[in-house]
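Provided herewith is a single structure, encoded as structure tokens, for subsequent inquiry.
Atoms within a ligand are numbered from 1 in the order they appear, just like the ligands themselves. We're numbering straight along the sequence, starting at 1.
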Amino acid sequence: MTTHAQPRTRWPELGHAGGLVLLELLLHGAQSRVRLAENVGLSRASLSRIARELLDLGLVVEGDVELRESRGRPPETLHLRPEAAHFLGVKLTGDTLYAVVTDLSARVVEQRAVPLPSRGVDTVVALLTEVAADLSAGATAPVAIGICLAGDVLRSGPDLVVRRSSFLGWNEDVPLAALVGPATGLPVTVSNDVHALTAAHHWFGSGVAYEPLVVYGLGAGIGSGVVVGGELLEGAHGRTGRIGHLRVGGTGRVCENGHDDCVHSFVTIPSIEFNAGVAPGDYATALRRARAGEARAVDAFRRAAFALGGIIAESVNAFDPQMVSVMGEGRDMLDIAPQELRRALLEYLEQGDVDEVRIERPPFDFSLYARGAAVSAMRALLAG
Ligand SMILES: [Zn+2]
């Protein structure tokens, strides 16, 4: 092993090329110096200098140690050391703070769920600070914090400002990163929750193989994220992927904008519950009834699938993605009513063959949002 057995507690200044080399190892795995230099577009001499720096910092190791000792092979291969640094990722909902700590390979090594005593900004910042301090005590102390939540997160000069989060009842601008940064002493990034999910799926999920990539997050709300040219599309204001209020016809639950015929009226978990005629919060019953063939519940999931198909078609029309990934805890309409999704694609696709639209349903659990926030923090440091 190297002399750097301890994880870092501060992220080092890597410089642009150093960040690129680390990112290449992180996304595509261990590789020879020759291939690494080619892939990143560096001369062998520049790569040697950067590799030395990364080795000294303990972020990478050389070669296959066993192979080298037994056969005298030169240490040509560079490997990332995932355990060299850790990141705190937080997903804020209206009632709970979900936190994970990941290593550099986005593997979750710590996990917490803490109820919010209130939704006030001061309370939330205090709780974030407390959780960060708690998770900084051990051997996996984070070097940066990523926070994600439903709503618009806008860049205002150097600040990341939460513009609107209906789940938290924040109706005015909240400079969350500027509040949490000084309180914790760590770099903080804040993102929309589905953008965070997309960032992680692109770097560490099956999404890494596809370009462009469109990700939908279905749950209490609906959002989407788009990766084009290897970058998460942030837009001019941080507002990309706001596709939830497209009017798709029919009559469903009234959304926060007063529509009863928009994508939100059918696709979100509260809408499926309402349209299926079950009590708010009892999604499990709606799901069970639909799987048992009960007409009203089946109809609610059919209409959800049709609405989802409509916006998937619009994203295909706009971006011609290689893959559409449907994530989130409320994506069951995909297997309950696939024919309705297909019917919407047939109706809304402008061109191309419906069978060319590739839709995947990757494994999902709710901690992926917090993990996505950790990856967003990592992204901010590595690819700034
Ligand atoms: Zn609406």
Side-chain angles (χ1 to χ4, degrees), residues 92-94 119 148-154 162-173 191-195 197-198 214-226 233 235-283 286 290 296-297 299-319 324 326-334 336-337 340-341 343-345 347-350 369:
L92 283 174
T93 69
R119 295 175 183 171
C148 75
L149 71 177
D152 288 339
V153 178
L154 310 184
V162 179
R163 168 76 23 112
R164 195 169 69 92
S165 182
S166 52
F167 294 99
L168 286 158
W170 294 354
N171 295 316
E172 51 191 45
D173 287 1
S191 25
N192 168 270
D193 54 355
V194 182
H195 287 186
L197 194 64
T198 305
V214 177
V215 174
Y216 288 97
L218 306 183
I222 174 167
S224 69
V226 178
L233 210 58
H237 309 93
R239 285 196 180 110
T240 54
R242 308 303 302 268
I243 34 60
H245 293 285
L246 179 74
R247 317 297 274 271
V248 291
T251 308
R253 179 174 180 260
V254 176
C255 79
E256 77 236 41
N257 292 358
H259 314 137
D260 65 359
D261 60 351
C262 75
V263 170
H264 267 269
S265 307
F266 303 105
V267 159
T268 66
I269 285 181
S271 291
I272 291 173
E273 289 163 354
F274 178 88
N275 296 335
V278 304
D282 198 7
Y283 181 68
R296 185 168 174 188
D299 187 56
F301 281 93
R302 278 195 184 143
R303 292 195 287 165
F306 186 83
L308 177 64
I311 49 168
I312 288 180
E314 292 301 2
S315 71
V316 172
N317 292 336
F319 302 110
V324 175
V326 181
M327 303 181 77
E329 67 280 23
R331 67 218 164 108
D332 301 286
M333 75 288 284
L334 277 187
I336 292 177
E340 283 300 299
L341 190 131
R343 194 168 70 81
L345 290 175
E347 184 162 331
Y348 290 106
L349 269 188
E350 292 280 334
Y369 280 111

Quiz item: Please state the angle at the Zn ion (ligand 1) spanned by ND1 of His245 and SG of Cys262: what is it, rounded to 10 degrees?
Solution: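 Result: 110°, to 10°.
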Quiz item: Hey, what's the ring geometry for His245 with His259, parallel, tilted or perpendicular (30° and 60° as the breaks)?
Solution: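 The rings of His245 and His259 stand perpendicular, inter-plane angle above 60°.
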Self-check item: Phe266 side chain near Val248 side chain, heavy-atom distance below 4.5 Å
Solution: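 Answer yes - side chains close enough.
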Exercise. Of all N, O or S atoms in His259, identify the one at the shortest distance from the Zn ion (ligand 1).
Key: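 Distance check against the Zn ion (ligand 1) picks out ND1 in His259.
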Self-check item: Nearest-0.5 Å distance, CE of residue Met327 to OH of residue Tyr216
Solution: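 Reported value, rounded in 0.5 Å steps: 14.5 Å.
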Quiz item: Any side-chain heavy atom of Thr240 within less than 4.5 Å of one from His195?
Solution: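 The answer is yes; the side chains approach within 4.5 Å.
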Quiz item: Taking 2.8 Å as the cut-off, does an N/O/S atom of His264 lie below it from the Zn ion (ligand 1)?
Solution: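 Checking His264: none of its N, O or S atoms is under 2.8 Å.
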